[in-house]
Number of protein chains: 2
Amino acid sequence: MAKTTLKSLAAALNMSVSTVSKALNDSYEISEVTKKRVREFARELNYQPNVLAQSLKTGKTQTIGIVLPKMTSPFESQILEGMQHAARERNYRVVIMVSMENEELERSALRAMQDKGVDGLLFCPIHENSNVALATQIIANTPMVIFDRTDYPLETHKVGVLNADGTYDACQHLFESGRRRIAVFCGTKQGITAKRLAGYRHAHEENGLAVRSEYIVYCDVKTIEGLHAEMEQHILRLRALPEPPEAIVGIADTITTHLLGVMAKLEIKVPEEIAVIGFANTDLALSLNPSLSTIRQPTKDIGEISVNKLIDTIDKNHRNQIEWEDIKLPTSIQLRRSTKI
Amino acid sequence: MAKTTLKSLAAALNMSVSTVSKALNDSYEISEVTKKRVREFARELNYQPNVLAQSLKTGKTQTIGIVLPKMTSPFESQILEGMQHAARERNYRVVIMVSMENEELERSALRAMQDKGVDGLLFCPIHENSNVALATQIIANTPMVIFDRTDYPLETHKVGVLNADGTYDACQHLFESGRRRIAVFCGTKQGITAKRLAGYRHAHEENGLAVRSEYIVYCDVKTIEGLHAEMEQHILRLRALPEPPEAIVGIADTITTHLLGVMAKLEIKVPEEIAVIGFANTDLALSLNPSLSTIRQPTKDIGEISVNKLIDTIDKNHRNQIEWEDIKLPTSIQLRRSTKI
DNA sequence: TTGAAAGCGTTACCAT
DNA sequence: ATGGTAACGCTTTCAA
């Protein structure tokens, strides 16, 4: 059987296409009886409006595009689930594209989204300077919300977390547990890293402690093997210092979780010899050995709020001047064995 | 400035719309000079074809829908990355919807995909009986490939792994390491679970060992807390047996990885007291303590092959009788500390 | 080699 | 209250 369209419905019902269309859209111009007849017949034939045609006509696609650097860690999965949930709730669907932390791929993803005619874009840039020109061009026509990596030079809604607070709280906890010498392991030098480091500094200041530059470590997160090797070296170096650190703060999920593995390999006792805490949203925190103290980000909220802010902007038609919000959600700290006294 | 369309291009170039369209599509009917002129002008104005209109016309969307139960573990992320990569390669984009292991949500996701007019569907059903009728109806018009949970009553391409072999290899390794009493921890009773158990049985048979029903354990994976509690109980029960197991095989990612945490909590030494191995694609295998021996699935291949089989089917227009393949990729075993002798 | 026109399935304006 | 018609942006016959 052929596909059920407005046309075929109209023919079968012996009405005009426009009447059927209006009836299905519950227009005030159509009588209740007609509406009922049409609706019943339509569902009988299992009529499904062609969304493509609708979109072509209305210029709306009911689709939100998501462009993000990766989706390999629970952090991203959780955000994406939050987004899908919220989008579904408001009758939008989502299209996801991963930039793989690659500026070229990011550009092509943004372009694709643009071409495809999404109604709005949720964008987590790979860093604060990547594809700014393109994004600026896109936002002229398409609402965008920046999430997670919010230090991006675009005037629009942004949804992230209080990064500095996360690290501050972690350090504060370590200080309270009597540890004073805290190293910090960072990934790529990005805006977010800087923010989190600021919290580290702030906590030190408040406690009248100097920040030692030799305690601030940068690692390349490209491959797991490389990361392990680098972290191992750094740890050995730190341990050889006259005043070795008593704790390490991990500044990103991958770093924090893998830190434990390296410590295990080096047979350094956590938390007895060195305590470990850091940003991490992994479900495995409880299952690691020792169980991992973490700074947890409200991923689900990040996702949901991003979506809602975006759809709000879309609905406001993107013209009326909007007060752009730079939303910073609080992180929470989960204490487990890896920082026990 | 208004949007650049074929029409506006044509007007500016003083040609007809069809000429411009053909030129851009590199039609043999158009002279090289014209083509060149059109192409150059188009890129100058940054012309982007309206994919919606194209799709409406051609009935193709260049979009693949993916419906899967969850995307919280690395296993799924890796598959999805493989799919995106392969799709991109063949000029398709992907739309992802998560069924959250919920039959109702799965139905609505499938419906949404159907309405949205995807060219094909990659489907990982939540279990072997879920939404079979709907899927059967959809596949009448839309090519589908079943991945991962391939024990699904639909005649089409399927891409999964040699589940039995994975467990078989793991048991074999344990036997070779001198361990004879092996427990197995399963999640939901599904087709896949059964397959993997078959490998467990097979290995026992081959080694002339009886399978003890008290060694086969089922856990509910709904929540992490619940899982931990259940696993803890089972482990305590097993340890109290006159002949407690010397090893445990985990039959799914979540189970295997969290097993380590429970063992740690119970202060059972792995691998000295009990060895642990199981299906798991986590990147953290190396970072767990002890590092985890795993049965790894070729997730990237699953993703890529699924996409390619699907697009092949789409291209063949779905009519010409196709030999459906039931592809089973081999798993690989990674030995680490958790099964050391 | 080029162009006119129909049509994909909708919606929305304007008549009736 | 209902229907005719144009239009969204494109592809594709068919004619010139």
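We name chains A, B, ... by the order of the sequence lines, and we start the count at 1 in each one. Just so it is clear, the model here is predicted, and its values are computed rather than measured.
With dC10(D), dG3(D), dC14(D) as the candidates, the nucleotide lying closest to the side chain of Ser18(A) is dG3(D). Nearest to the side-chain atoms of Leu6(B) among the listed nucleotides dT12(D), dT11(D), dT1(C) stands dT11(D). Closest to the side chain of Lys57(A), from the set dT11(C), dA1(D), dG3(C), is dT11(C). Candidate nucleotides dC10(D), dT10(C), dC14(C) were compared by shortest atom distance to the side chain of Lys22(A), and dC14(C) ranks first. Comparing dA12(C), dG9(D), dA1(D) by their nearest atom to the side chain of Asn50(B) picks out dG9(D).
Between the Ser77(B) side chain and the Met71(A) main chain, a donor and an acceptor come within less than 3.5 Å of each other.
Remark: Ser31(B) is in phosphate contact with dT2(C), judged by side-chain N or O atoms under 4.0 Å from OP1 or OP2. Tyr28(A) has no side-chain polar atom (N or O) that falls below the 4.0 Å cut-off from OP1 or OP2 of dT2(D). The side chain of Gln54(A) contributes no N or O atom lying less than 4.0 Å from OP1 or OP2 of dG9(C).
Taking atom CD on Glu29(A) and atom P on dA15(C), their separation rounds to 14 Å, with Å as the unit. Per the geometry, NZ belonging to Lys60(B) stands 16 Å off C1' belonging to dC8(C), to the nearest Å. Leu56(A) has its CG atom 9 Å from the C1' atom of dA7(D), to the nearest Å. The distance from atom CG of Asn25(B) to atom C1' of dT13(D) is 15 Å, rounded to the nearest whole Å. Computed from coordinates, the Gln62(A) CD to dT11(C) P distance equals 12 Å when rounded to whole Å. With rounding to whole Å, Leu9(A) atom CG is found 16 Å from dT2(D) atom P. Regarding Leu52(B), its CG atom lies at a distance of 10 Å from the P atom of dG9(D), rounded to whole Å. Across the protein-nucleic acid pair, Glu32(A) atom CD and dT2(D) atom P stand 11 Å apart, rounded to whole Å.
Using a 4.0 Å heavy-atom criterion, one finds that Thr34(B) contacts the sugar-phosphate atoms exclusively. At a threshold of 4.0 angstrom between heavy atoms, the contacts of Lys7(A) are confined to the sugar-phosphate backbone, with no base atom among them. Across all strands, Thr5(A) comes closer than 4.0 Å only to sugar-phosphate atoms, never to a base (heavy-atom distances). Nucleic acid contact for Thr19(A): base, since at least one base atom lies under 4.0 Å from a heavy atom of the residue.
A salt bridge links Arg149(B) with Glu101(B): the distance from a Lys NZ or Arg NE/NH1/NH2 to an Asp or Glu carboxylate oxygen falls below 4.0 Å.
Exactly one residue among Ile64(B), Thr63(B), Val118(B) makes a side chain to side chain contact (heavy atoms under 4.5 Å, CB included) with Tyr92(B). That residue is Ile64(B).
In terms of heavy atoms, Glu304(B) sits closest to Gly82(B) at CG-O, 3.4 Å. Across Gly120(A) and Leu310(A), no two heavy atoms sit closer than the pair C-CD2, 3.7 Å.
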